[in-house]
Amino acid sequence: SERQVLVARALEHLGRVDILVNNAGVEEIREYVQQDPGIITRIIDSKFAAPLQLTRAFLPHMLAQGYGRIVNIASLAGRIGLPYGCVYAGSKGGLAEWSISLDAELAGTGVKVSVVCPGFVANTGMFARKQRKAPGTLGVSAPEDVARAVLMAIQARKPELIVNPRPVRPLMVLKALSPGMAVNVARRLGLIKFLRSLASK
């Protein structure tokens, strides 16, 4: 497969691989009932299946050398939910939970897995394509903030890093305790209205 070829070429040219960063981008903000089934498959494959398969391909090498850092880029959408981006949120949520689970499984091997969960990021992704500014309700991060979090994940070996200028863990806890209440908070903050407006473009 193409992924096995990638692994073989990386090892051939580099000799060893210490760091793997899984970051892929296919997204669509749209009512779920209107989403193209082909786009659904592409989102799941790029954001969830591909990181799992690439990690599986590189992991034996990292385990054999007794060292490795795997960093997966997920999203706050996968931790607190994202109306009008259900497939995106689902794939990112799955990626986050898989990352945390695999990190626990690999304890003591020298290989660490971290997941970086950015909130809204300015001047990139869907905001750049739709020429819209990200809402400031929960804060907006710069792409450089995400890059710094990746470096921190590699150096500090934390299982999860949240990238957002304002505290969002209380909302994550609320979502775990009461998804309905978390949705109500998101509605009051204007997030659902904003996402609905993006979906209509």
Side-chain angles (χ1 to χ4, degrees), residues 1-27 41-82 87-121 124-125 141-165 167-173 175-176:
S1 71
E2 291 182 358
R3 289 163 188 157
Q4 291 295 338
V5 171
L6 173 63
V7 174
R9 286 182 177 174
L11 293 175
E12 178 184 351
H13 288 287
L14 301 174
R16 61 181 282 155
V17 173
D18 294 326
I19 299 169
L20 171 64
V21 178
N22 288 307
N23 181 30
V26 176
E27 63 188 25
T41 300
R42 284 181 57 203
I43 292 173
I44 293 171
D45 186 56
S46 66
K47 292 188 178 299
F48 187 60
L52 269 65
Q53 295 291 356
L54 281 171
T55 298
R56 175 62 183 85
F58 278 106
L59 191 55
H61 170 76
M62 290 181 170
L63 289 172
Q65 68 187 17
Y67 181 88
R69 296 290 179 262
I70 299 165
V71 182
N72 299 308
I73 311 300
S75 170
L76 277 180
R79 311 305 273 153
I80 61 177
L82 180 70
V87 181
Y88 175 88
S91 63
K92 290 297 193 180
L95 182 63
E97 292 300 328
W98 168 76
S99 301
I100 293 168
S101 299
L102 183 59
D103 182 60
E105 182 177 323
L106 296 175
T109 66
V111 180
K112 295 291 294 180
V113 182
S114 299
V115 60
V116 174
C117 299
F120 290 122
V121 180
T124 187
S141 300
E144 292 81 5
D145 298 325
V146 181
R148 279 191 288 271
V150 171
L151 292 175
M152 189 181 301
I154 293 168
Q155 296 165 356
R157 303 181 298 279
K158 294 182 178 180
E160 181 183 56
L161 290 93
I162 302 297
V163 183
N164 204 71
V168 292
R169 287 198 183 274
L171 187 57
M172 292 168 62
V173 171
K175 182 251 181 179

Q | Straight-line distance of Ile162 CD1 to Arg79 CZ, nearest 0.5 Å | A | 6.5 Å
Q. How many angstroms lie between atom CG of Leu59 and atom CG of Leu20, to the nearest 0.5 angstrom?
A. 9.5 Å
Q. How close do Val163 and Ala149 get, heavy atom to heavy atom, and via which atoms?
A. CG2-CB, 3.4 Å
Q) If every non-hydrogen atom of Ala24 is compared with every non-hydrogen atom of Lys92, which pair is closest and at what distance? A) O-NZ, 4.2 Å
Q. Does CZ in Arg56 sit with more than 12 non-hydrogen atoms of other residues, nucleotides or ligands closer than 6.0 Å?
A. no
(Q) Leu102 vs Thr55, test: side-chain contact (heavy atoms from CB on, under 4.5 Å). Steps then yes/no. (A) CA-CA 10 Å; Leu102 183 59; Thr55 298; 3.9 Å; yes
**Q.** Asp45/Arg42 ion pair, N-O < 4.0 Å
**A.** no
Q) Which heavy atom of Val17 sits nearest a heavy atom of Gln65, and at what distance? A) O-NE2, 2.9 Å
Q. What closest approach, in Å, do Leu76 and Met172 show between heavy atoms, and which atom pair accounts for it?
A. CD2-SD, 4.2 Å
Q) Can you list the steps and then say if Ile100 with Glu160 is a side-chain contact (heavy atoms from CB on, under 4.5 Å)? A) CA-CA 7 Å; Ile100 293 168; Glu160 181 183 56; 4.3 Å; yes
Q: Would you give the length of the straight line joining atom CZ of Phe58 to atom CG of Leu63, rounded to the nearest 0.5 angstrom?
A: 13.5 Å
Q.
Please give me the minimum heavy-atom distance between Arg69 and Ile154, naming the atom from each residue.
A. NE-O, 3.5 Å
Q) From Asn72 CG over to Asn23 CG, what is the distance, rounded to the nearest 0.5 angstrom? A) 9.5 Å
Q. Can you tell me how far the OG atom of Ser99 sits from the CG atom of Leu52, to the nearest 0.5 Å?
A. 8.0 Å
(Q) Nearest 0.5 Å, please: how far is CG in Asn22 from CD in Gln53? (A) 11.0 Å
(Q) Could you report the tightest heavy-atom contact between Phe48 and Ser91, atom names first, then the distance? (A) CD1-O, 3.8 Å
